[in-house]
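Since the structure comes first, as structure tokens, the remarks are kept for the end.
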Amino acid sequence: MPDQRPPDDSSGAPSSPGGEGPHCEEIQHAQISAVVPERVARGVFSTGAVVVQGPHEFILDFLLRMSQPQQVAARVVLPPGVVVQFIAALSDNLRNYESKYSMPLVPNPQAGAGPPVSAQELYEQLKLQDDVLSGNYANAVMIGHTPSEFCFDFITTFYPRSAVSCRVFMAAPGVPRLLESLKHSFEKFQQKIAQFGNQPPAPRPPDEP
């Protein structure tokens with residue numbers, strides 16, 4: 001399940017059985033422990049995110065808009081139950097952030113300005129690399145923050161060890177908008193479940209911070 005993790009709760013002890021194979025970092029918090037493979041340890045930076053609601057999952061596309069063409073820096077796939085927990089954990093982290101640093105964070109009203117666009121129109125403006133297309137599945141999330149940014153460790157908790165499948169950094173002012181988009185998308189998901197019962201809801205256009 002999602003959890004809260006201050007940045008200094010990480011330990012950088014290498015974990016490579018027999019002294020062979022790629023370097024791995026391991027993070028621990030309470031009863032949660034997850035290996036951080038070398039390929040994801042450095043993480044990616046994101047300036048915004050798009051939340052796409054599918055019939056059985058939610059897709060979080062973390063965007064990098066600092067250069068042209070704008071690109072999808074990371075794609076994470078979450079089951080609906082994890083989205084509920086992610087929303088709760090992110091809400092708690094924002095409250096803790098504002099209390100600790102006395103810096104209220106509110107969504108930027110200009111961030112979502114403009115007429116709605118279809119998924120096709122949106123993704124025509126984004127560069128999506130082949131190695132990002134299939135995304136990274138996660139069934140747990142750990143969150144940490146500093147005064148300037150939030151860190152999201154998306155984790156796959158599979159036997160025999162949990163591992164971080166994707167690490168994303170986002171500037172603190174952009175996080176409230178991410179939370180708002182998650183809440184809005186999940187509300188739409190619930191409405192379709194109530195309307196169609198056990199039938200999977202049809203895909204809908206993305207919510208963009």
Side-chain angles (χ1 to χ4, degrees), residues 1-46 49-64 72-93 128-145 149-170 175 178-179 181-183 185-186 189-190 193 198 200-201 203 206:
M1 68 179 64
D3 203 348
Q4 305 169 20
R5 177 179 58 83
D8 57 359
D9 279 355
S10 299
S11 64
S15 175
S16 52
E20 300 178 356
H23 167 79
C24 292
E25 173 188 356
E26 184 171 310
I27 56 175
Q28 293 184 336
H29 179 75
Q31 297 180 352
I32 297 179
S33 175
V35 172
V36 185
E38 185 178 15
R39 64 180 178 82
V40 301
R42 294 181 61 182
V44 299
F45 182 76
S46 171
V50 174
V51 181
V52 181
Q53 174 196 319
H56 304 291
E57 69 287 311
F58 287 77
I59 300 170
L60 277 61
D61 278 347
F62 290 94
L63 311 181
L64 185 60
V72 178
R75 168 172 285 180
V76 179
V77 181
L78 301 176
V82 176
V83 174
V84 176
Q85 298 170 344
F86 187 20
I87 290 172
L90 190 51
S91 299
D92 287 344
N93 267 266
L128 192 60
Q129 301 282 6
D130 289 346
D131 59 352
V132 177
L133 277 173
S134 60
N136 297 282
Y137 177 82
N139 52 13
V141 187
M142 297 180 73
I143 305 171
H145 57 255
E149 64 189 12
F150 277 64
C151 174
F152 304 105
D153 277 344
F154 296 95
I155 302 170
T156 51
T157 56
F158 293 153
Y159 180 86
R161 291 297 305 275
S162 299
V164 176
S165 58
C166 187
R167 172 174 285 174
V168 178
F169 298 97
M170 179 176 285
V175 174
L178 170 62
L179 178 59
S181 294
L182 286 166
K183 288 181 176 179
S185 187
F186 192 77
F189 178 81
Q190 288 180 306
I193 290 294
N198 293 328

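The first residue of the sequence shown is numbered 1, and numbering continues consecutively from there. Computed from a predicted model, the values in this text were never measured in an experiment.
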Task: Nearest non-hydrogen partners of Ala41 and Val36, listed with the distance - done: CA-CG1, 3.7 Å
- [ ] Would you check if His145 and Val175 make a side-chain contact, meaning some heavy-atom pair closer than 4.5 Å?
- [x] no
Task: Heavy-atom pair of closest approach, residues Ala73 and Leu64 - done: CB-CB, 4.3 Å
Task: Shortest non-hydrogen separation from Val84 to Phe186 and the atoms involved - done: CG2-CZ, 3.1 Å
Task: CG-CG distance between Asn136 and Leu78, expressed to the nearest 0.5 angstrom - done: 10.5 Å
TODO: Decide yes or no for Phe58 and Val82: does some side-chain heavy atom of the first lie under 4.5 Å from some side-chain heavy atom of the second?
DONE: no
Open item on the list: Evaluate Val72 against Leu63 for side-chain contact (heavy atoms from CB on, under 4.5 Å), listing each step before the verdict.
Closed with: CA-CA 5 Å; Val72 178; Leu63 311 181; 3.9 Å; yes
- [ ] Determine the minimum heavy-atom distance between Arg75 and Leu128, stating which atoms define it.
- [x] NH2-CD2, 3.7 Å
Open item on the list: Once rounded to the nearest 0.5 Å, what's the spacing between atom OG of Ser185 and atom CD1 of Ile59?
Closed with: 10.0 Å
TODO: Would you indicate whether the side-chain heavy atoms of Val141 and Ile155 approach each other to under 4.5 Å?
DONE: no
Open item on the list: If you define the side chain from C-beta out and look only at heavy atoms, does anything of Leu60 sit under 4.5 Å from Leu182?
Closed with: yes
- [ ] Examine distances only and state if a side-chain atom of Ser46 and a backbone atom of Met170 form a donor-acceptor pair shorter than 3.5 Å.
- [x] no
Task: Shortest non-hydrogen contact between Pro79 and Ala138, atoms and distance - done: CD-O, 3.3 Å
TODO: Considering non-hydrogen atoms only, spot the tightest contact between Gly43 and Phe169 and give its length.
DONE: CA-CE1, 4.0 Å
TODO: For the residue pair Phe152 and Phe86, categorise the inter-ring angle as parallel (less than 30°), tilted (30 to 60°) or perpendicular (more than 60°).
DONE: perpendicular
- [ ] Taking the side chain as every heavy atom from C-beta outward, state whether Arg161 and Ser33 have any pair of such atoms under 4.5 Å apart.
- [x] yes
Task: Aromatic plane relationship, Phe154 with Phe62 - under 30° parallel, 30 to 60° tilted, over 60° perpendicular - done: tilted
Open item on the list: So does Val40 get a backbone contact from the side chain of Arg167, meaning a donor-acceptor N/O pair under 3.5 Å?
Closed with: no
